[in-house]
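Report on one structure; see the data block that follows.
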Amino acid sequence: MDLLLPMKQFFHPISKILEKPYVSILGYPIATKNQIESRYTEINHLGIEAISFFGNTKINNISILGKGHNGLIALAKKNKKIVALKIRRVDSQQQTMNRESLLLKIANDINIGPNIIESSKNFIVMEYINGEIISKWIDDVSYDDFNHVIKTILIDCYILDKYNIDHGELNNASKHIIISNNHPTILDFENASVTRKVSNVTSVIQYMYIRSSISKKVNNDGKITNEKLIELLRLYKNNNNKKNFTRVLKFLNL
């Protein structure tokens with residue numbers, strides 16, 4: 001979900017996904033005939049009525065929204081509403097989508113992540129966020145808008161930290177945060193955990209200000225020194241209370 005949806009997007013009836021080469025999306029990377037038939041029945045039970053082959057990711061020359069270790073994301077329609085459809089990969093280490101859907105529901109309960117609509121063994125139907133990944137959005141953003149969005153992201157990460165939900169992949173936030181109308185949404189909870197030590201705030205700050213190509217864009221004036229920032233992050237990591245979090249925000253002028 002990393003690009004803006006055109007005003008008019010063509011959708012095919014869901015039966016199109018049974019045709020070659022599109023069937024490879026339903027059972028990626030390789031599926032048996034029985035698996036395809038079972039998944040098609042499952043997708044119909046979820047009420048998916050149409051699909052659009054749109055996005056920056058290519059699978060067998062078919063455009064989709066995204067691809068991860070656990071599944072593919074495609075643009076679809078349910079009840080005439082555009083949704084994001086996550087399809088479990090046949091070779092996924094996760095035998096069902098139950099764990100990921102549960103973690104996304106937990107995040108939704110604290111108003112984080114795309115809203116989950118429905119799920120099953122091999123699919124998650126969720127809200128489609130029409131926006132840009134943060135690494136593209138940042139190219140043309142104003143200083144004030146940047147500060148507003150980054151502060152919002154960090155507050156969301158702080159809430160995740162306080163609820164002991166570790167996203168697990170925010171050290172590469174470019175793939176997992178999308179911006180729509182200057183509102184950020186954290187995506188993809190397939191590797192999230194409620195048992196390991198949380199590192200959402202520290203991971204995003206390291207990505208934004210220290211260890212990525214974006215850090216060069218956001219700190220051209222050199223006012224944010226890595227040494228001081230790392231010291232504040234260390235304090236926060238040892239005790240992720242509001243006082244230490246506020247110190248980080250203040251240092252970043254947020």
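Just so it is clear, the values below take in all heavy atoms, side chains as well, and ignore hydrogens, waters and symmetry mates.
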So do the side chains of [X] and [Y] get within less than 4.5 Å of each other, counting heavy atoms only?
{"X": "Ile30", "Y": "Val90", "answer": "no"}
{"X": "Leu154", "Y": "Phe245", "answer": "yes"}
{"X": "Leu229", "Y": "Ile205", "answer": "yes"}
{"X": "Met208", "Y": "Ile138", "answer": "yes"}
{"X": "Asn240", "Y": "Thr202", "answer": "no"}
{"X": "Thr57", "Y": "Lys67", "answer": "yes"}
{"X": "Leu18", "Y": "Ile36", "answer": "yes"}
{"X": "Val198", "Y": "Ile165", "answer": "no"}

Any donor-acceptor pair under 3.5 Å from [X] side chain to [Y] backbone:
{"X": "Gln206", "Y": "Ser203", "value": "no"}
{"X": "Arg89", "Y": "Gly68", "value": "yes"}
{"X": "His183", "Y": "Ile178", "value": "no"}
{"X": "Asn171", "Y": "Tyr207", "value": "no"}
{"X": "Arg99", "Y": "Asn191", "value": "no"}
{"X": "Asn108", "Y": "Ile116", "value": "yes"}
{"X": "Arg39", "Y": "Leu26", "value": "yes"}
{"X": "Glu42", "Y": "Lys121", "value": "yes"}
{"X": "Asn60", "Y": "Ser24", "value": "no"}

Check: [X]/[Y] side-chain N/O donor and acceptor closer than 3.5 Å:
{"X": "Asn182", "Y": "Asp145", "value": "yes"}
{"X": "Lys242", "Y": "Tyr158", "value": "no"}
{"X": "Ser174", "Y": "Asn172", "value": "yes"}
{"X": "Asn70", "Y": "Gln94", "value": "no"}
{"X": "Asn44", "Y": "Thr41", "value": "no"}
{"X": "Asn130", "Y": "Ser180", "value": "no"}

Specify the closest pair of heavy atoms between [X] and [Y], including all atoms of both residues, with the distance to one decimal.
{"X": "Glu190", "Y": "His69", "value": "OE2-N, 3.4 Å"}
{"X": "Ile64", "Y": "Ile25", "value": "CG2-CD1, 3.9 Å"}
{"X": "Ile51", "Y": "Ala74", "value": "CD1-CB, 4.1 Å"}
{"X": "Glu132", "Y": "Trp137", "value": "OE1-CA, 3.9 Å"}
{"X": "Gly113", "Y": "Phe189", "value": "CA-CE1, 4.2 Å"}
{"X": "Leu46", "Y": "Ser120", "value": "CD1-OG, 3.5 Å"}

Stepwise side-chain contact (heavy atoms from CB on, under 4.5 Å) check, Cys157 with Leu170: CA-CA 9 Å; Cys157 288; Leu170 293 180; 3.9 Å; yes
Those residues that, when tested against Asp188, pass salt bridge (Lys or Arg N to Asp or Glu O under 4.0 Å) (two or more places apart):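 Counting only residues at least two positions away or on another chain, Asp188 forms a salt bridge (Lys or Arg N to Asp or Glu O under 4.0 Å) with Lys86.
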If I take atom [atom1] from residue [X] and atom [atom2] from residue [Y], how far apart are they, to the nearest 0.5 angstrom?
{"X": "Ile43", "Y": "Ser15", "atom1": "CD1", "atom2": "OG", "result": "11.0 Å"}
{"X": "Lys33", "Y": "Ser38", "atom1": "NZ", "atom2": "OG", "result": "14.0 Å"}
{"X": "Ile112", "Y": "Tyr163", "atom1": "CD1", "atom2": "OH", "result": "9.0 Å"}
{"X": "Ile129", "Y": "Ile186", "atom1": "CD1", "atom2": "CD1", "result": "12.0 Å"}
{"X": "Asn56", "Y": "Ser63", "atom1": "CG", "atom2": "OG", "result": "8.0 Å"}
{"X": "Lys105", "Y": "Asn115", "atom1": "NZ", "atom2": "CG", "result": "12.5 Å"}

Go through the structure and list residues passing ring-ring contact (aromatic ring centres under 6.0 Å, His included) with [X], not counting sequence neighbours.
{"X": "Tyr40", "answer": "none"}
{"X": "Phe123", "answer": "none"}
{"X": "His12", "answer": "Phe10, Phe53"}

Chi angles and distances behind the side-chain contact (heavy atoms from CB on, under 4.5 Å) call for Thr246, Asn244: CA-CA 5 Å; Thr246 302; Asn244 285 336; over 6 Å; no
[X], [atom1]: over 12 other non-hydrogen atoms inside 6.0 angstrom:
{"X": "Asn61", "atom1": "CG", "value": "no"}
{"X": "Glu19", "atom1": "CD", "value": "yes"}
{"X": "Lys162", "atom1": "NZ", "value": "yes"}

Residues Asn200, Ile159; criterion side-chain contact (heavy atoms from CB on, under 4.5 Å); working and verdict: CA-CA 9 Å; Asn200 300 293; Ile159 294 170; over 6 Å; no
Qualifying residue, where the test is side-chain contact (heavy atoms from CB on, under 4.5 Å) with Ile153 and the options are Val149, Asp156, Ile155: Val149
Verdict with reasoning, Asn147 to Leu252, per side-chain contact (heavy atoms from CB on, under 4.5 Å): CA-CA 9 Å; Asn147 281 354; Leu252 295 174; over 6 Å; no
Side chain to side chain donor-acceptor pair (under 3.5 Å): pairs with one or both residues in residues 228-237, sequence neighbours excluded: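 Matches after skipping sequence neighbours: Asp161-Tyr236.
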Pairwise side chain to side chain donor-acceptor pair (under 3.5 Å) hits with a residue in residues 72-83, at least two apart: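 Checked against side chain to side chain donor-acceptor pair (under 3.5 Å) - neighbours excluded - the pairs reaching residues 72-83 are Lys78-Glu118.
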